[in-house]
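Everything on this sheet refers to the single structure shown next.
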Amino acid sequence: MPDRSVHGLVLERARSRRDDPAIVDAATGRGLSYGELAMASGWVASGLARRGFGRGDVLALHSPNCPEWPATFLGALWAGGTVACTNPLYKTDELAHLLELSSADLMMTTPQFREGARDAGARDPIVFSELLSAEPAPGEAEVDPAADVAALLYSSGTSGLPKAVELTHRNVVANMLQMAWGVPLGPGDRMLAVAPFFHSMGLSAILLNALYQGATVVSVPRFEVESFLAALQDHRITHTIVPPSVALLLSGLPLVDEYDLSALRVLGVGSAPVSAELEIECEQRLDCLVGQGYGLTEATAVVAIQPMGQPERVRHGAVGMLAPGNEMQVVDPVSAEPLAPGEAGEIWLRGPCVMRGYRGNPKATAEALAEGGWLRTGDLGSIDDDGFVYVHDRLKELIKCKGYQVAPAELEGVLATHPAVAEAAVIGIPDAAAGEVPKAFVAARAPIEAGELMAFVAERVAPYKRIREVEFLDAIPKNPTGKILRRVLRERG
């Protein structure tokens, strides 16, 4: 693995492909060539340096997918800083919490999100055009790839509210190389970015992976069925990686037949495991190779991946082979004793992509990282003698909705602020389109309608976190220590 910074490695390759398209906006066709990406990144670095931004400072990047996103990300790293990647759909309180976790010094956003950023406490948020500087790009700031944090991504870990995951330059570079092993790309390939760049899948598995290998990234600001299918068709997309809900759509939605998707060669599925049957249905309908991957934010993105460059080795139903450089052990969830190949237990991971820790949270870091550098993933799975990984279930309580992580504790906290709610508990329930959606169980202290509670939560959280069902109980079931018995609630459905 090269002892390099993320921006140094990506921009070095960009300068050798100056005229090739690097990123294109699907709807407008607006984009940057690799040469323009390198130049724009230098302008960003210069503009940040002019504002006193340097090594160790944090830039909050608060924007949907667009061509300016990678230029800002790489430019901030060039200046020596760290990028905190935030979700532009977040409401004021949610964004304020993330800014507090990251201690962001500056924020770059887009005009439509500027006022919301100010409301969340961002100091003088700037838009991309204001960030650019015509002054000569500064020399690259000194970076220690093993120690300096390139990106802060947000994860709830095994439970609880979001934590800021510290990913070093070495973590990110390692994951770029691991993705290139699993999904080889070339200058003629076009990768559709459905996953947002602030998400580990969008940042590492799609954006940086494609730029490192010289392919073209075609970005969409948000997922909408018709625009997604149109982008696949009109831009002759060869590769994309989607959550299970989109794979389900591609396998069965009649509308898919109205689009020419013949250029698509590789469809990756990530964020939650899917059945071998769904993979095969997608392959037959789209006439392309379909394979799963497995990852988590605490491991940059990719832990295991199918060898898509070797179709004969792809195994449906598995989430891939352990990526080169990673080590995995499966342990008994109670005793932490290692189990034999094929036995199911908690997956522990060690490798160059494992996070440095959670920023400002040594307690959570110690809980996540076991002795010897092993990351406790909280996932129940197994690995066979051939090195293929299978994820069976989650030990953790997070809800995965449309590829996003939703912490029950966060929604329970919002519900608890309503004057009619005595106590509440939230679980995930199966949903054909989203994978899982949140359902609330509420013990009320005053008359209240389910719709009123759902609207109350919707006003305070991102759309994918909205409560879809409410069931009223006399009391929330708990154990003697006061912990919610979610198993009992899941049995109720």
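In this text the structure is predicted, and so the values were computed from the model without any measurement.
Between the side chain of T297 and the main chain of S200, no donor-acceptor pair closer than 3.5 Å is present. In this structure a side-chain-to-backbone donor-acceptor pair under 3.5 Å is missing from T86 to A60. Between the side chain of W78 and the backbone N or O of P138 there is at least one donor-acceptor pair closer than 3.5 Å. Between the side chain of N175 and the main chain of V302, a donor-acceptor pair closer than 3.5 Å is present. T168 places no side-chain N or O within donor-acceptor distance of the main-chain N or O of A147, the cut-off being under 3.5 Å. Using a distance-only test at 3.5 Å, with no hydrogens or angles considered, a donor-acceptor pair links the side chain of R13 to the main chain of Y212. Not a single donor-acceptor pair under 3.5 Å links the side chain of Y294 to the backbone N or O of V389. Checked by atom type and distance alone, the side chain of D57 never pairs as donor or acceptor with a backbone atom of G81 at under 3.5 Å. In this structure a side-chain-to-backbone donor-acceptor pair under 3.5 Å is present from H199 to M201.
Of all heavy-atom pairs spanning H239 and R265, the tightest one is CE1-NH2, 3.2 Å.
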request  = Apply side-chain contact (heavy atoms from CB on, under 4.5 Å) to L250 and L229, showing your working.
outcome  = CA-CA 9 Å; L250 289 170; L229 294 172; 4.0 Å; yes

message = Working note: R236 + S262, criterion side-chain hydrogen bond (donor to acceptor under 3.5 Å, both in side chains); need CA distance, chi angles, decisive distance, verdict.
response = CA-CA 8 Å; R236 306 296 293 164; S262 59; 3.3 Å; yes

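Ring orientation note: the planes of H62 and F113 are nearly perpendicular, at an angle over 60° on the 30°/60° scale. Ring-plane geometry between W348 and W374 is classed as tilted, the angle between the planes lying from 30 to 60 degrees on a 0 to 90 degree scale.
Using a 4.0 Å cut-off between charged side-chain N and carboxylate O, E436 and K400 make no salt bridge. Note on R170 versus D3: salt bridge recorded, some NZ/NE/NH1/NH2 to OD/OE distance being below 4.0 Å. For E68 and R30, the salt-bridge test passes: some basic side-chain N is under 4.0 Å from an acidic carboxylate O. Salt-bridge check for R315 with D384: passed, with a basic side-chain N closer than 4.0 Å to an acidic carboxylate O.
Counting heavy atoms from C-beta outward, F198 and S63 have side chains that stay 4.5 Å or more apart. Annotation: side chain of L131 is not in contact with side chain of L106 (no heavy-atom distance under 4.5 Å). Put simply, the side chain of P145 does not reach to within 4.5 Å of the side chain of V173, judged on heavy atoms.
The cationic atom of K163 (NZ for Lys, CZ for Arg) lies less than 6.0 Å from the six-membered ring centre of Y358 and within 45° of the ring axis.
Identified under the salt bridge (Lys or Arg N to Asp or Glu O under 4.0 Å) test for residues 95-116, with sequence neighbours left out: R114-E130, E115-R118.
For the pairing with V461, the side chain to side chain contact (heavy atoms under 4.5 Å, CB included) check across L89, L411, D93, V406 returns one residue only, L411.
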